[in-house]
Amino acid sequence: MSPTQSAGQIANDPLLPLFAPVTGLRGVGPALAKMIERVAGGPRVLDLLFHMPDSYLDRRARPTIRTAQPGQVATLAIEVVRQDAPETARQPWRVVCTDGTGFMELVYFGRPPPRTLVPGAKLVVSGKLEGFGDRLTMPKPDHVVPAAHANLLPGIEPVWPLTAGLFPGQLRSAMRQALERVPDLGEWHDPALMRREGWPGFRDALWAVQQPDALPVDRARRRLAYDELLAHQVAMAFVRQRERRRPGRALRGHGRLRAQTLERFGFTPTPSQRQALAEIDADLAAPRRMLRLLQGDVGSGKTLVALLAMLRAAEAGAQAALMAPTEVLAKQHHRTLSRLSPIPVELLTGSVKGVARRNALIGIANGRTKLIVGTHALFQEAVAYHDLALAVIDEQHRFGVDQRLLLGGKGETTDVLVMTATPIPRTLLLTQWGEMEVSRLSEKPAGRKPIRTTVHSLATLGDVVDGIGRALDRGERVYWVCPMVSESELIDLAAAEARFATLRARFGDRVGLAHGQMEPAQRDAALADFAAGHIQLLVATTVVEVGVDVPEASIMVIEHAERFGLAQLHQLRGRVGRGAEQSFCLLLHEDGLTDTMRRRLGLLKDTEDGFLIADEDFRIRGGGDLLGKRQSGLPGFRLADPAQHEGLLQMANRDAAVLLDRDPGLGSARGRAVVGLLHMFDRGTGMRTLEAG
Ligand code: ADP
Ligand code: MG
């Protein structure tokens with residue numbers, strides 16, 4: 001029996017009431033359902049249950065009028081004495097009340113009090129107390145109920161995110177019914193873990209968070225976050241398991257091509273290059289498919305590692321392809337590889353046309369061509385490989401899991417090596433790259449001078465430009481980066497073009513411009529001019545981020561550095577410092593930086609450790625920007641925030657591995673409960689692909 005079948009029979013049935021639409025709840029019509037869906041992110045009872053409160057109002061304080069404190073949220077049992085109507089339109093209505101210990105006033109602005117507040121009425125009221133002179137007042141009480149129904153008042157009231165037209169009372173009533181529909185599901189967590197953390201069961205945790213009778217609710221909240229993280233990590237582990245089971249081929253080589261390459265290269269590989277290569281070789285030699293991420297800062301020497309890996313495929317008589325994200329980078333890699341490789345390297349990009357393209361395709365199809373470099377053109381239908389054993393993908397941190405897997409699809413058994421210059425924080429590795437194994441290049445080749453980073457206010461722009469002028473006269477090459485951040489690309493562009501115009505007016509045709517809105521050919525030409533030294537100062541939007549290699553460039557100016565993420569600044573900075581001479585990075589910022597911004601730029605000034613910067617950046621930005629989305633938090637998580645719950649995430653990662661190790665088919669009692677958990681968090685896809693794969 002497969003996990004999905006077992007899910008159908010065992011897990012789906014008790015979960016059915018949770019998957020029902022909220023319109024099934026009393027008092028929830030289509031209009032209210034739509035508003036609930038808007039705030040909860042889905043139309044089901046389960047979505048409502050996962051709509052977490054931001055905070056809680058504690059109404060349990062029940063003082064008398066005499067002991068009550070202004071400023072306090074309190075619930076009071078009172079009797080109405082009289083109503084004072086306002087004398088002018090600007091004054092409020094006042095309802096004077098007593099409880100025998102003193103007097104207080106309920107205050108209503110703009111409209112008369114509810115009709116129930118007649119003299120003699122016995123009520124329970126709840127709200128925030130204020131002092132007005134020596135009077136105790138409660139402006140706009142949150143709750144007014146007859147004393148006989150005092151039990152209707154929540155002691156602790158969750159404060160949920162709302163939307164226009166949706167009121168707390170409506171949500172409270174719907175939530176109460178939703179909670180009543182939560183079945184008692186078997187526990188999916190390890191009993192030892194539950195004991196150690198003192199966590200309540202799933203149902204109790206939902207009650208504790210959504211309708212608490214005690215505060216704080218941290219344990220229940222953490223348990224629910226862990227539910228989601230475990231579901232995610234188990235799903236990831238499934239994909240990984242499937243990938244590992246997929247047969248690959250054992251690639252072994254005689255080492256002669258590699259030896260010749262290292263001889264041409266002339267330097268000794270760094271310890272972490274050797275380590276990464278050993279890990280890659282072990283994968284290549286194993287009869288299963290490689291899915292490995294090679295993580296290394298800009299300039300850490302990933303290209304050499306990639307080439308040596310590719311040569312192993314060639315030594316085994318097979319083919320290897322390296323895919324770059326842009327035409328410029330593809331050409332650059334092609335130049336580098338051709339220089340180092342003892343065997344020919346073919347280039348295949350969109351602009352290779354006609355006879356050249358036909359010949360390239362023939363060589364790739366008949367297997368005479370062993371090494372190929374290109375853009376995504378490499379993976380088009382028309383390209384038939386004789387025997388593609390290894391696909392190397394450079395700088396593809398913006399791809400999702402599915403896309404990465406697709407790229408390996410040119411051969412059933414093709415090994416995949418992804419190279420990224422973005423030092424991915426641990427948290428993201430676990431959440432977004434879980435199907436991959438990781439090698440890290442942690443140090444730079446020896447002899448590299450550290451980049452000198454300085455921070456300047458834009459108010460001193462004149463001095464900065466003077467300094468740049470002196471550098472240009474010395475023959476140095478300079479990047480000048482303008483941010484691409486505002487809502488309107490046109491405004492950003494205008495800023496870059498204005499900067500280009502002023503610098504050009506000052507330094508003449510030594511200045512060039514490259515930005516994302518240009519025709520690619522025109523932009524490539526500008527980058528090529530800069531690489532060749534025809535222009536010395538390149539004003540650019542973040543196009544240069546993608547990995548242009550101009551070793552002669554020694555100065556990086558970043559305008560409005562405060563608008564970039566730390567990781568992005570670090571990556572930009574890595575465009576210089578690739579040659580032998582001293583390099584500089586100038587971070588220009590607006591006046592009036594906040595302390596946080598100042599600290600962040602300071603961190604960049606103090607360290608070149610990309611992993612440190614990445615972790616810090618992730619903590620600040622919650623990873624949103626790294627993933628190319630301007631939002632905090634990671635997509636796909638509702639109860640957990642992987643940045644905030646990093647410890648839980650690591651636990652879930654180990655937990656999932658152990659669970660699947662012991663019970664790969666999830667057939668045990670705990671395993672079956674976990675299947676239900678996966679369905680609850682929509683993480684069943686991993687299992688379906690497991691069966692398909
Ligand atoms: P990455 O792709 O990781 O940004 P590159 O592969 O482009 O880095 O390498 C950056 C520079 O360092 C290149 O000029 C390369 O030749 C040089 N390099 C790489 N490995 C070594 C090494 N072991 N010793 C000396 N120089 C190296
Ligand atoms: Mg590179």
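Each ligand, and each atom within it, is numbered from 1 in the order the structure gives. Because the structure is predicted, anything quoted here is derived from the model rather than measured.
Ligand-side atoms of ligand 1 in range of S300: 3 (O), 8 (O), range being under 4.0 angstrom from any heavy atom. For ligand 1, the atoms closer than 4.0 angstrom to any heavy atom of D297 are 3 (O). Those atoms of ligand 1 with a heavy atom of P445 less than 4.0 angstrom away are 18 (N), 19 (C), 20 (N), 21 (C), 22 (C), 24 (N), 25 (C), 26 (N), 27 (C). When each atom of ligand 1 is checked for a heavy atom of T270 under 4.0 Å away, the hits are 23 (N). Within ligand 1, counting atoms from 1 as listed, the ones closer than 4.0 Å to a heavy atom of T268 are 22 (C), 23 (N), 24 (N).
Only side-chain heavy atoms of Q273 come within less than 4.0 Å of ligand 1; its backbone N, CA, C and O stay farther off. Residue contacts with ligand 1, taken as heavy atom pairs separated by less than 4.0 Å, do not involve T336 at all. Residue contacts with ligand 1, taken as heavy atom pairs separated by less than 4.0 Å, do not involve L441 at all. In P269, the part holding a heavy atom less than 4.0 Å from any atom of ligand 1 is the backbone.
Side-chain atoms of T261 come within 3.5 Å of backbone atoms of L257 as a donor-acceptor pair (strictly under, hydrogens ignored). Between the Q582 side chain and the P450 main chain, a donor and an acceptor come within less than 3.5 Å of each other. A donor-acceptor pair under 3.5 Å links the side-chain atoms of R264 to the main chain of S341, judged by distance alone.
Closest heavy-atom approach to atom 5 (P) of ligand 1 among the candidates L304, T420, T303, L294: T303.
Polar contact with ligand 1: present for G301 (N/O pair, distance under 3.5 Å).
Other residues, nucleotides and ligands contribute more than 12 heavy atoms inside 6.0 Å of the NE2 atom of H560. Annotation: R274, atom CZ; neighbour count of heavy atoms from other residues, nucleotides and ligands within 6.0 Å is above 12. Other residues, nucleotides and ligands contribute more than 12 heavy atoms inside 6.0 Å of the CG atom of D606.
Scanning both residues, V383 and L361, for their nearest heavy atoms gives CG2-CD2, 4.0 Å. The two residues W480 and L588 make their nearest non-hydrogen contact at CZ2-CD1, 4.1 Å.
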